S.K.: 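Just passing along the structure, written as structure tokens.
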4 protein chains.
Amino acid sequence: MNSKEARPHTGRRRNEAARRAILDAALHLLADSDGAPVSVETIARAAGVGKQTLYRWWPSKGAVLLEALTERAAQDVPSPDTGSLPGDLRALATATFQAAQGPPTAPALRTLVREAARDPHLAELMATFTETRRAAVRLILERGRDRGELPADRDIDLMIDQFYGFFWYRFLLGHAPLDATTAQDITDSLLG
Amino acid sequence: MNSKEARPHTGRRRNEAARRAILDAALHLLADSDGAPVSVETIARAAGVGKQTLYRWWPSKGAVLLEALTERAAQDVPSPDTGSLPGDLRALATATFQAAQGPPTAPALRTLVREAARDPHLAELMATFTETRRAAVRLILERGRDRGELPADRDIDLMIDQFYGFFWYRFLLGHAPLDATTAQDITDSLLG
Amino acid sequence: MNSKEARPHTGRRRNEAARRAILDAALHLLADSDGAPVSVETIARAAGVGKQTLYRWWPSKGAVLLEALTERAAQDVPSPDTGSLPGDLRALATATFQAAQGPPTAPALRTLVREAARDPHLAELMATFTETRRAAVRLILERGRDRGELPADRDIDLMIDQFYGFFWYRFLLGHAPLDATTAQDITDSLLG
Amino acid sequence: MNSKEARPHTGRRRNEAARRAILDAALHLLADSDGAPVSVETIARAAGVGKQTLYRWWPSKGAVLLEALTERAAQDVPSPDTGSLPGDLRALATATFQAAQGPPTAPALRTLVREAARDPHLAELMATFTETRRAAVRLILERGRDRGELPADRDIDLMIDQFYGFFWYRFLLGHAPLDATTAQDITDSLLG
DNA sequence: ATTTAATCGAGACGGTACGTCATGTCTTCGG
DNA sequence: CCGAAGACATGACGTACCGTCTCGATTAAAT
């Protein structure tokens with residue numbers, strides 16, 4: 001009855017190897033480029049791929065970079081579940097801070113923000129990215145609140161923005177450390 | 001032929017009208033462009049000025065934007081002194097949030113930050129600018145601590161970064177409001 | 001011994017409908033495109049056919065165009081035999097000029113020649129095609145010479161090239177008419 | 001009081017060296033490329049020039065190639081004035097045939113025609129080019145007619161098209177020579 | 001009836017070239 | 001000497017086709 005379902009697929013299928021190559025090349029270049037903008041041409045060449053293949057699957061260069069980074073972020077900063085709210089939050093903070101320090105994430109993240117400076121479309125994508133990150137913190141906080149570790153009237157969105165606002169502010173300005181101690185401090189400050 | 005008295009300068013002097021036109025055009029475009037990049041070409045054309053005139057007086061496009069903006073923003077956020085720490089902090093937060101909201105400041109500021117991400121020179125200027133702002137918060141907090149309104153062991157730098165981190169994060173992402181209530185909430189959250 | 005003959009055929013046979021659709025689409029596009037290049041992609045899409053089907057049966061785009069055109073033009077210019085050299089030549093000229101004029105032939109022929117300039121394979125096919133046409137003129141001229149209507153020492157190849165050169169030059173440049181009067185004129189000029 | 005004339009020129013003037021470099025590079029590449037298409041990128045690179053400079057002064061790649069060729073043609077085939085119509089025409093034919101034989105003109109001309117195959121705009125320019133060539137022949141023929149060397153009722157445009165049609169036909173098909181003898185023959189055939 | 005193989009439409013793939021845009025530098029001219 | 005206009009080399013952008021290469025679905029001959 002449903003003719004949409006009747007045609008499962010036609011034509012050659014997407015080459016997963018190309019997708020991987022593009023994402024890997026993007027992250028690699030993002031990390032190595034030292035803040036310099038990364039061009040579509042460069043990514044395509046590094047991945048051994050035609051530009052069209054890039055544009056076929058991603059609406060913009062930024063989307064590629066972001067997907068590359070999101071993948072990495074998901075694997076570097078898993079959602080912790082230690083059983084206690086302070087434990088979870090400190091674990092997340094520690095993992096976040098640590099992932100944001102070393103290569104390839106740190107330079108990549110920085111370059112991505114720089115790219116977002118120019119490209120309104122990428123800026124929008126960045127917003128999506130940060131929303132998924134916020135969701136991770138929200139999960140932790142709501143779980144803690146349900147366990148009674150947090151007063152029911154605390155504004156969770158405010159806390160989330162304090163957490164990530166603090167992180168980005170320090171990360172981008174680089175005027176103060178983002179180490180394990182800081183992770184403990186910000187956790188205490190938010191929950192204390 | 002020059003009726004002006006003893007002028008230790010030769011040749012045509014800087015055209016103040018051009019300077020004003022450039023600054024005004026920059027601010028206007030910044031406000032109107034809705035996040036889209038503002039090009040040197042565009043500013044020059046809008047100001048009815050040659051590109052070289054721009055490059056002659058400012059090291060980079062960002063410097064123009066910054067000058068255009070600071071000129072306007074200088075007096076917007078004074079340092080409050082209400083006598084109490086929560087009062088001061090809330091007043092500053094309210095003023096900061098409000099100043100950053102309305103056009104043309106909001107889109108202009110947004111674009112400016114984005115340009116700063118690319119232009120190291122502008123980033124430095126921005127750093128000076130934000131350092132001034134941090135100093136204002138530090139003043140308030142230290143005054144409050146000296147008055148005993150804040151435990152002596154609270155990490156003031158952490159608090160400052162939470163405050164401005166929160167502000168910038170919300171301001172740039174625009175996913176949640178920055179109103180008077182929020183100013184009260186963030187004050188409570190930080191001092192509570 | 002010939003394994004080709006041993007196995008008459010296996011598998012699906014060529015789809016004649018697809019062939020027709022391609023040829024028709026090619027001719028149609030050729031006629032409509034007004035000199036603009038006709039892409040393989042466009043032909044395939046217009047014919048509702050995969051590109052591979054095109055490449056499976058024709059070595060190049062030009063070959064498709066040529067087949068599309070010759071199929072239609074084959075019977076357009078018969079070899080006249082009026083009994084007199086001027087009559088024959090004028091008849092051939094008139095028929096040639098007329099056949100080349102109306103749509104869809106004119107723009108199609110124009111595009112075809114242009115494609116032939118790029119595609120060596122197509123150029124060869126075109127050469128065969130034009131050689132056939134030259135042979136028709138040669139027949140007329142030699143017949144006339146044998147009848148004594150032409151001095152025995154006239155260079156027939158020169159005349160042929162003048163005849164077709166004139167035709168193609170006017171046809172491709174389109175700066176002057178190719179009508180019945182012109183057919184009479186060129187005949188007179190060549191034989192006079 | 002024409003304000004258009006009041007502003008003679010403003011801004012940097014066209015760089016003649018760049019123009020020359022582009023034209024030279026174009027002709028050189030056209031001659032060397034052996035029929036392969038010549039890309040804008042290649043011309044620009046060979047001339048040490050930005051693509052934009054090309055597009056600033058010529059509407060299309062073809063226009064560049066054509067201007068390069070026209071320059072060369074004007075210098076290779078001057079308008080002869082021997083005093084007699086047959087002499088002039090034979091001289092022009094000889095010069096034309098000869099110029100069209102050797103490098104760099106021959107391959108360049110051939111490539112140009114090939115390029116015109118694709119680019120309708122270039123095709124139009126080619127028409128202009130051929131018109132100037134036709135004008136040279138027209139001058140010779142009319143001068144001869146005025147001297148009484150040609151019947152007043154001969155259709156001069158027909159003769160011109162026979163002359164150049166013959167040339168292009170042989171030049172492009174290459175099936176028969178274009179030498180001094182041929183120049184004599186075509187002259188005789190047209191005037192005889 | 002089953003197997004086998006070539007066809008079909010569809011469309012992804014690695015490429016090349018296109019024409020446009022912005023950047024920052026450099027002339028040129030009038031004031 | 002200043003300021004405008006704008007040409008310049010550079011290099012990224014996103015698009016259009018190229019010709020090749022899978023895909024799953026037909027379709028017909030050979031078994």
Side-chain angles (χ1 to χ4, degrees), chain A residues 7-15 17-19 37-42 44-45 47-57 59-61 118-119, chain B residues 9-15 17-19 21 37-42 44-45 47-57 59-61, chain C residues 7-15 17-18 21 37-42 44-45 47-57 59-61, chain D residues 6-15 17-19 37-42 44-45 47-57 59-61 118-119:
Chain A
R7 190 176 73 54
H9 183 75
T10 215
R12 187 176 182 171
R13 255 82 124 324
R14 179 172 189 176
N15 183 353
R19 183 181 163 274
V38 176
S39 78
V40 173
E41 214 108 24
T42 315
R45 196 175 308 271
V49 141
K51 272 199 294 179
Q52 196 67 257
T53 300
L54 244 143
Y55 284 111
R56 197 177 346 259
W57 299 110
S60 72
K61 172 178 61 180
R118 293 268 166 182
D119 182 354
Chain B
H9 180 71
T10 212
R12 189 169 178 176
R13 269 161 327 159
R14 179 171 187 179
N15 183 351
R19 183 180 163 276
V38 175
S39 77
V40 173
E41 217 104 27
T42 317
R45 195 174 309 271
V49 140
K51 277 197 296 177
Q52 192 60 18
T53 303
L54 245 144
Y55 284 112
R56 208 188 321 272
W57 298 109
S60 73
K61 174 177 56 184
Chain C
R7 188 175 60 61
H9 186 70
T10 232
R12 188 175 181 173
R13 253 111 42 100
R14 179 172 188 178
N15 183 352
V38 175
S39 77
V40 173
E41 218 105 27
T42 316
R45 196 173 308 269
V49 140
K51 277 198 293 179
Q52 194 66 270
T53 303
L54 243 144
Y55 283 112
R56 202 181 338 260
W57 299 110
S60 72
K61 174 177 55 184
Chain D
R7 189 175 73 54
H9 183 73
T10 218
R12 188 176 182 172
R13 252 81 121 327
R14 178 173 189 176
N15 183 354
R19 183 180 163 274
V38 176
S39 78
V40 173
E41 216 107 24
T42 315
R45 195 174 309 270
V49 140
K51 271 199 296 179
Q52 195 67 260
T53 301
L54 244 144
Y55 283 111
R56 190 166 5 247
W57 299 110
S60 73
K61 172 178 59 180
R118 294 266 167 181
D119 182 353

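Please read these numbers as outputs of a predicted model, since none were measured by experiment. Lettering of chains follows the sequences in order, A, B, ..., and the numbering in each one begins at 1.
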S.K.: Nearest heavy atom decides the nucleotide; on that basis, is Gly50(B) or Arg19(D) closer to the 5' end of DNA chain F?
M.R.: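 It is Gly50(B), whose closest nucleotide lies nearer the 5' terminus.
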S.K.: Give a yes or no on whether a donor-acceptor pair under 3.5 Å exists between the nucleobase atoms of dG3(F), that is its base, and the side chain of Arg56(B).
M.R.: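 Between dG3(F) and Arg56(B), which were checked side chain against base, a qualifying N/O pair under 3.5 Å is present.
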S.K.: CH2 of Trp57(D) versus P of dG6(F): gap in Å, rounded?
M.R.: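 Computing the Trp57(D):CH2 to dG6(F):P distance gives 11 Å.
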S.K.: From CD of Glu41(A) over to P of dT10(F), roughly how many Å is that when rounded to an integer?
M.R.: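 To the nearest whole Å, that distance equals 16 Å.
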S.K.: Once side chain to side chain donor-acceptor pair (under 3.5 Å) is applied, do any residues pair with Thr42(C), and if so which ones, sequence neighbours excluded?
M.R.: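 For Thr42(C), the residues satisfying side chain to side chain donor-acceptor pair (under 3.5 Å) (neighbours in sequence not counted) are Ser39(C).
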S.K.: Tell me: CG of Leu54(B) to P of dA22(E), nearest whole Å?
M.R.: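 Roughly 15 Å, once rounded to whole Å.
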S.K.: Using atom CZ of Arg12(D) as one end and atom C1' of dG6(F) as the other, report the distance to the nearest whole Å.
M.R.: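 From Arg12(D) CZ to dG6(F) C1': 9 Å.
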S.K.: Could you check Thr42(C) against Gly48(D) and say which one's nearest nucleotide on DNA chain F is further toward the 5' end?
M.R.: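 Mapping each residue to its closest nucleotide by heavy atoms, the 5'-most match is Gly48(D).
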S.K.: From CG of Asn15(D) over to P of dA7(F), roughly how many Å is that when rounded to an integer?
M.R.: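 For the pair Asn15(D) CG and dA7(F) P, the rounded distance is 12 Å.
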S.K.: Rounded to the nearest 0.5 Å, how far apart are NZ of Lys51(C) and NZ of Lys61(C)?
M.R.: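 One finds 11.5 Å between NZ of Lys51(C) and NZ of Lys61(C).
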S.K.: Can you tell me how far C1' of dA28(F) sits from CZ of Arg14(C), to the nearest Å?
M.R.: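 It works out to 17 Å between those atoms.
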S.K.: Should Arg14(C) and Trp57(C) count as side-chain neighbours, where that means a heavy-atom distance under 4.5 Å?
M.R.: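 SC-SC contact between Arg14(C) and Trp57(C) confirmed.
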S.K.: Of all heavy-atom pairs between Ala44(A) and Gly50(A), which one has the smallest distance, and what is that distance?
M.R.: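 It is CB-C, 4.3 Å.
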S.K.: On DNA chain E, nearest-nucleotide positions of Ser39(D) versus Ala47(C): which is more 5'?
M.R.: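 Result: Ala47(C).
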S.K.: If you assign Lys51(D) and Gln52(A) each to the DNA chain E nucleotide with the nearest heavy atom, which residue ends up on the more 5' nucleotide?
M.R.: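 The residue whose closest nucleotide sits nearer the 5' end is Gln52(A).
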S.K.: How many whole angstroms separate atom CZ of Arg45(A) from atom P of dC13(F)?
M.R.: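 Those two atoms, CZ and P, are 12 Å apart.
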S.K.: So with a 6.0 Å cut-off around CZ of Arg45(D), is the heavy-atom count from everything else above 12?
M.R.: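 No.
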S.K.: Can you identify which nucleotide, out of dT25(E), dG19(E), dG9(E), has its nearest atom closest to the Val40(D) side chain?
M.R.: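 From the listed options, dG19(E) comes nearest.
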S.K.: How many Å lie between OH on Tyr55(D) and P on dC8(F), as a whole number?
M.R.: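 The distance from OH of Tyr55(D) to P of dC8(F) comes to 16 Å, rounded to the nearest Å.
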S.K.: With respect to the side chain of Thr53(C), which nucleotide from dC8(E), dA9(F), dC18(E) is positioned closest?
M.R.: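 Among dC8(E), dA9(F), dC18(E), the one nearest the side chain of Thr53(C) is dC8(E).
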